[in-house]
Amino acid sequence: MNLFTHFREQIAGLIDELSAAGELPDGLDLGRLTVEPPRDPSHGDITTNAAMLLAKPAQKKPRDIAALLAAKVESLDGVTGVEIAGPGFINMRLSDDFWHARLRDVLDAGVAYGDSAMGQGNKVNVEYVSANPTGPMHVGHARGAVFGDALAALLDKAGYDVTREYYINDAGSQVDVLARSLHLRYCEALGEDIGAIPEGLYPGDYLVPAGQALAQRDADKWKTVDEADWLPPLREFAIDAMMNLIKEDLALLGVKHSRFTSEKDLVAAGKVDEALAFLKDQGLIYEGVLDPPKGKLPDDWEEREQTLFKATQFGDDVDRPVMKSDGSWTYFATDMAYHLDKYRRGYADMIDVWGADHGGYVKRMQAAIKALTGGEGTLDVKLCQMVSLMDNGEPVKMSKRSGTFVTLRDVVDKVGKDVVRFIMLTRKNDAGLEFDFAKVTEQSRDNPVFYVQYAHARVNSVMRMAAEELGPDTVKDDAVHGANLGRLCDPSELHLIKLMNQWPRIVESAADAHEPHRIAFYLGDLAGEFHGLWNKGKESKSLRFIIADDTELTLARLAMIRGVANVIGSGLKVFGVTPVEEMR
RNA sequence: GCGCCCGUAGCUCAGUAGGAUAGAGCACCAGAUUCCUAAUCUGGGGGUCGUGAGUUCGAAUCUCGCCGGGCGCACCA
């Protein structure tokens with residue numbers, strides 16, 4: 001249970017009672033009513049803004065309302081003390097028993113702790129990665145991939161019905177370039193000396209195996225025909241090969257999609273014509289001439305009549321072209337069709353994860369969603385900023401010679417999937433991220449991956465130690481689970497339990513804001529609190545987890561740290577990071 | 001020129017649908033620690049939250065102007 005929403009409901013009920021008794025007006029708007037932990041723990045366990053909120057509509061002083069409410073709040077289950085403070089905060093203290101019961105919740109739920117019904121099973125579509133199928137993934141892609149994957153897992157935990165989608169951009173001119181590049185490698189595989197890769201084609205040697213495979217399958221079949229004949233089949237072959245490459249890379253990162261949608265297929269199925277016809281019917285498509293952009297003019301600017309979508313009618317800055325001069329659809333046109341398709345598949349709520357360099361594209365896409373869904377659909381675009389690779393503070397040099405940057409595979413091979421995933425989630429998505437090979441593998445306090453992993457491992461270490469000292473029969477799982485939690489009465493122990501109980505609230509707020517990084521910070525805090533308590537045991541032996549001559553207390557403390565491991569495990573599961581049992 | 005994002009301690013960053021005295025880590029300073037459960041611990045200094053106004057009981061958070069940085073700006077994706 002999320003105790004904050006629990007008490008919010010309770011307090012809302014008390015307000016209704018006061019209304020019914022005529023002490024407060026009827027029909028009060030409680031939409032902004034909050035119950036949250038006070039910033040300063042000395043103020044109590046939970047606090048509400050109810051009195052301040054109701055002061056104006058009730059035409060009473062906040063403190064007077066607080067006094068009315070406080071008298072009722074005192075009788076709520078679990079509440080042991082109520083204070084009115086500051087401008088009218090109602091601060092509540094909860095009994096130790098209440099907190100012990102909440103630790104029981106954590107133990108009972110295991111890693112499912114924090115699961116929420118907030119999403120009410122509503123469908124959400126998260127589209128992420130969607131890298132062009134023209135080569136392997138580089139580190140830049142990794143951030144979007146991990147972010148999208150974690151966001152999807154987070155929404156899933158928060159009770160949404162999530163689809164993880166990948167949009168394959170296999171219809172534009174870039175895949176034609178890919179096909180030509182493959183043809184060259186194919187000729188090479190057949191023994192031809194291809195020399196240097198011409199400008200404008202993909203030079204990466206990742207196409208070599210694809211060329212060989214094609215040569216093996218089709219022999220010299222494509223050497224004697226015109227480009228117009230070999231291009232489409234080679235394009236398809238190349239896209240398949242590249243998508244396999246990308247899927248392998250994603251698998252290394254532990255990233256899985258539940259659906260892949262092909263741009264080419266959308267076009268072939270007439271979805272673009274359909275979407276455009278839909279807009280045209282509403283008079284939102286017209287032939288027109290755009291003003292040249294202000295500021296520096298592109299070299300090849302020419303005034304030209306184009307087919308435009310009235311994006312300005314939906315909040316965009318200019319109307320946007322939907323057709324290229326060669327008569328094919330612009331990327332925007334197919335993307336509109338794609339989003340309409342998602343909407344028609346039942347996803348009124350869509351989230352797209354893009355690179356920050358696509359930021360200029362957000363407004364038009366949101367304008368399109370408004371037009372296409374009659375305002376029913378929503379699109380939240382999460383922009384991921386650059387990752388700068390460092391090693392001991394020095395920027396890592398990218399080798400452009402081979403046509404590749406540092407690949408995702410390189411990084412995963414070097415530091416492991418778990419480190420990549422966790423670090424990618426330690427910054428807000430729209431903030432730049434520094435990824436320092438030396439720092440992320442360091443075993444120290446300031447490496448968040450290590451610090452959190454170590455907390456989880458340390459719990460297991462203590463468990464093993466306890467089994468040695470007290471005997472494996474004494475510390476069996478069900479003994480720990482059935483521990484007398486009433487023995488946990490040190491303030492630092494209760495504080496740890498309280499912190500664990502913030503987890504459901506963290507899940508909901510992070511899911512609501514689409515910000516998985518909040519989990520990283522929370523896990524860091526929880527790990528810090530746990531390590532801190534462990535350290536206290538060094539100074540005062542009475543606070544050690546294992547007390548040789550007090551099995552009951554030991555079991556209670558083992559239950560407490562098992563709870564910590566549950567919550568960390570629950571958080572790491574959202575991140576797709578393996579909770580380790582042991583540090584090496 | 002226009003749009004979007006960003007500006008919080010010396011550094012790297014948090015700050016939860018506006019909430020009480022703005023936080024953490026690192027760095028710095030001062031102590032403790034030949035102890036144990038596995039990678040030290042405790043305390044301290046340090047801020048006009050870029051800036052100027054506005055909204056209200058209350059603003060780091062919302063609105064507008066300015067300053068500074070990043071990204072983008074017709075027919076690429």
Side-chain angles (χ1 to χ4, degrees), chain A residues 4 31-32 34 36-40 43 47 49 52-53 55-56 61-62 85-89 91 130-132 134 169 171-175 263 289-298 300-304 306-308 316-328 330-332 334-335 355-363 381 383 385-386 426-428 430-432 434 439 443-448 450-451 454 457-458 461-462 464-466 468-469 502 505-506 508-510 512-513 515 517-518 520-522 524-525 528 532 534-539 541 544-546 582-583:
Chain A
F4 300 97
R32 290 175 56 220
T34 60
E36 51 192 0
R39 193 146 285 181
D40 184 343
H43 289 143
T47 186
N49 65 351
M52 278 119 55
L53 196 70
K56 190 169 275 184
K61 288 181 189 160
F89 289 102
N91 296 330
S130 299
N132 293 332
T134 54
N169 302 134
S173 53
Q174 295 191 4
V175 286
E263 179 184 7
V289 178
L290 288 175
D291 292 334
K294 304 273 194 289
K296 70 167 196 281
L297 206 60
D300 56 348
W301 170 264
E302 54 175 289
E303 206 169 85
R304 180 178 50 240
Q306 300 181 93
T307 308
L308 300 165
D316 200 0
D317 306 311
V318 286
D319 291 340
R320 303 294 181 177
V322 295
M323 195 175 277
K324 298 186 215 170
S325 48
D326 68 358
S328 63
T330 60
Y331 179 78
F332 177 53
T334 56
D335 215 7
D357 54 339
H358 289 57
Y361 197 79
V362 175
K363 272 194 182 178
V381 179
L383 299 175
Q385 270 292 352
M386 295 265 298
T426 52
R427 284 290 119 87
K428 214 176 339 190
D430 56 5
E434 208 172 86
K439 285 184 186 159
Q443 302 202 336
S444 75
R445 171 76 183 87
D446 54 330
N447 177 1
F450 167 76
Y451 199 61
Y454 182 33
R458 184 172 253 177
S461 163
V462 174
R464 286 193 295 273
M465 200 69 68
E468 265 180 46
E469 287 195 26
Q502 299 231 7
R505 181 180 152 80
I506 300 288
E508 290 183 353
S509 66
D512 191 50
E515 291 186 351
H517 77 277
R518 293 186 190 186
F521 284 91
Y522 170 75
D525 287 347
W534 189 90
N535 282 318
K536 276 191 182 176
K538 284 173 124 173
E539 315 244 316
K541 307 228 176 200
R544 292 192 175 193
F545 300 136
I546 301 170
E582 199 172 1
M583 302 303 286

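In what follows, every heavy atom counts, from backbone to side chain, and hydrogens, waters and symmetry copies are set aside. Below, chains carry the letters A, B, ... as their sequence lines are ordered, and counting in each starts from 1.
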Those residues at least two apart in sequence (or on a different chain) that pass side-chain hydrogen bond (donor to acceptor under 3.5 Å, both in side chains) with Thr134(A) are none

According to a cutoff of under 5.5 Å between the ring centres and under 30° between the ring planes, does His43(A) stack with the base of A20(B)? yes

Examine A77(B): is either OP1 or OP2 under 4.0 Å from a nitrogen or oxygen in the side chain of Tyr361(A)? Give yes or no. no

Sequence neighbours left out, what passes side-chain hydrogen bond (donor to acceptor under 3.5 Å, both in side chains) with Tyr361(A)? Give chain and number order. none

Side chain to side chain contact (heavy atoms under 4.5 Å, CB included) filter on Phe545(A), not counting sequence neighbours, yields Val462(A), Phe530(A), Leu533(A), Trp534(A), Arg557(A), Met560(A), Ile561(A)

Give me, pair by pair, the N or O atoms of the protein and of nucleotides 4-12 of chain B that are less than 3.5 Å apart, along with how far apart they are.
residue	atom	partner	partner atom	Å
U12(B)	O2'	Arg427(A)	NH1	3.4

Could you list the residues that satisfy side chain to side chain contact (heavy atoms under 4.5 Å, CB included) with Thr34(A), not counting sequence neighbours? Glu36(A), Asn49(A)

Those residues at least two apart in sequence (or on a different chain) that pass side chain to side chain contact (heavy atoms under 4.5 Å, CB included) with Met386(A) are none

Out of A14(B), A38(B), U37(B), which has the shortest distance to the side chain of Glu469(A)? U37(B)

Just the table, please: protein N/O against nucleotides 41-49 of chain B N/O, every pair under 3.5 Å.
residue	atom	partner	partner atom	Å
C41(B)	OP1	Asn535(A)	ND2	3.4

Who pairs with Arg427(A) by side chain to side chain contact (heavy atoms under 4.5 Å, CB included), at least two apart in sequence or on another chain? Arg143(A), Leu433(A)

Between the protein and nucleotides 74-76 of chain B, which nitrogen or oxygen pairs come in under 3.5 angstrom?
residue	atom	partner	partner atom	Å
A74(B)	N6	Asp300(A)	O	2.7
A74(B)	N6	Trp301(A)	N	3.3
A74(B)	N6	Glu302(A)	N	3.1
A74(B)	N1	Glu302(A)	O	3.2
A74(B)	N1	Arg304(A)	NH2	3.3
C75(B)	O2'	Ser325(A)	N	2.9
C75(B)	N1	Arg304(A)	NH2	3.1
C75(B)	O2	Arg304(A)	NH1	3.4
C75(B)	O2	Arg304(A)	NH2	2.6
C75(B)	O2	Ser325(A)	OG	3.3
C75(B)	N3	Arg304(A)	NH2	3.2
C75(B)	N4	Asp300(A)	OD2	2.9

Side-chain donor or acceptor of Ser461(A) paired with backbone N/O of Ala457(A) under 3.5 Å: no

What stems, by residue range, does RNA chain B take part in, given at least 3 consecutive Watson-Crick or G-U pairs under 3.5 Å? B:1-7 with B:67-73, B:10-13 with B:23-26, B:28-32 with B:40-44, B:50-54 with B:62-66

Measure CE/Met465(A) against P/C36(B) and give the value in whole Å, please. 13 Å

Apply side-chain hydrogen bond (donor to acceptor under 3.5 Å, both in side chains) to Asn91(A) and list each qualifying residue two or more places apart in sequence or on a separate chain. Thr47(A)

What's Gly31(A) touching, base or sugar-phosphate or nothing? Going by heavy atoms closer than 4.0 Å. base

Not counting sequence neighbours, which residues clear side-chain hydrogen bond (donor to acceptor under 3.5 Å, both in side chains) with Asp326(A)? List them please. Ser328(A)

As a test of reading the structure: which of A60(B), A38(B), G3(B) is closest to the side chain of Arg39(A), going by heavy atoms? A60(B)

